Chemist: 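I'd like to ask some things about the structure below.
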Amino acid sequence: MGCRGGGCGVCKVHIVEGACQSLGPISRAHVSAEEEASGCVLACKIFPQSDLEVEVVGKMVRAIVAQQSASSDSGFTTTMKTNKPVEEK
């Protein structure tokens, strides 16, 4: 993960609870106006104004699942809800 400018869409999340401030326009290539209205944002383009509960919905799901598998022997318990990413055309 590294673009930090909204160009790759990897950090797409759905804000379940909490408040945030937009840091600029969101790429419509990755988040449609309808998705944004329902709470989807690019995490790199927001600043939290409270604690946030987010649901990972973008390409980052694969990286998180891989990281959890690799660190399963750490002794820590992690609970996370993710949605399967939509296959790109």
Side-chain angles (χ1 to χ4, degrees):
M1 332 263 181
C3 92
R4 297 185 187 158
C8 69
V10 168
C11 62
K12 184 176 178 179
V13 296
H14 178 257
I15 297 177
V16 176
E17 191 174 316
C20 63
Q21 174 184 346
S22 174
L23 297 178
I26 293 178
S27 170
R28 291 293 173 226
H30 302 294
V31 180
S32 69
E34 295 81 22
E35 288 175 315
E36 185 176 11
S38 74
C40 283
V41 295
L42 297 176
C44 69
K45 299 296 285 182
I46 62 168
F47 185 82
Q49 294 182 308
S50 69
D51 287 342
L52 293 178
E53 179 181 343
V54 299
E55 184 177 52
V56 178
V57 295
K59 300 172 191 173
M60 192 167 45
V61 169
R62 290 184 203 114
I64 290 170
V65 170
Q67 182 181 9
Q68 284 181 331
S69 296
S71 64
S72 63
D73 294 330
S74 67
F76 294 99
T77 301
T78 303
T79 303
M80 180 182 314
K81 180 178 179 183
T82 58
N83 286 333
K84 183 177 178 183
V86 176
E87 294 297 319
E88 294 186 30
K89 297 178 182 177

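What you see is a predicted model; the values in this text were computed from it and never measured.
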Chemist: Rounded at 0.5 Å granularity, tell me how far CD1 in I46 sits from CG in L52.
Modeler: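 The CG atom of L52 is 5.5 Å from CD1 of I46, to the nearest 0.5 Å.
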Chemist: Applying side chain to side chain contact (heavy atoms under 4.5 Å, CB included) between V31 and each of V13, L42, V57, report the one that passes.
Modeler: L42
Chemist: Can you see which heavy atom on C44 is nearest to which on G6, and at what distance?
Modeler: SG-N, 3.3 Å
Chemist: Look at the side chain of S50 and the backbone N and O of A19, then say whether any donor-acceptor pair between them is shorter than 3.5 Å.
Modeler: yes
Chemist: Show which residues join V16 in its hydrophobic cluster (side-chain heavy-atom contacts under 4.5 Å, direct or indirect), or state none.
Modeler: none
Chemist: Going by the rule side chain to side chain donor-acceptor pair (under 3.5 Å), which residues pair with E17 if we only count those two or more places apart in sequence or in a different chain?
Modeler: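 For E17, no residue satisfies side chain to side chain donor-acceptor pair (under 3.5 Å) once neighbours in sequence are set aside.
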Chemist: For E36, what residues pass the salt bridge (charged side-chain N to carboxylate O under 4.0 Å, His left out) criterion, not counting sequence neighbours?
Modeler: R28
Chemist: Only one of H30, K12, H14 passes side-chain hydrogen bond (donor to acceptor under 3.5 Å, both in side chains) with E35; say which it is.
Modeler: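 Running side-chain hydrogen bond (donor to acceptor under 3.5 Å, both in side chains) over H30, K12, H14 with E35 returns exactly one hit, K12.
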Chemist: Could you state the interatomic distance from SG (C11) to NZ (K45), rounded to the nearest 0.5 Å?
Modeler: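 Rounded to the nearest 0.5 Å, the SG-NZ separation comes out at 9.5 Å.
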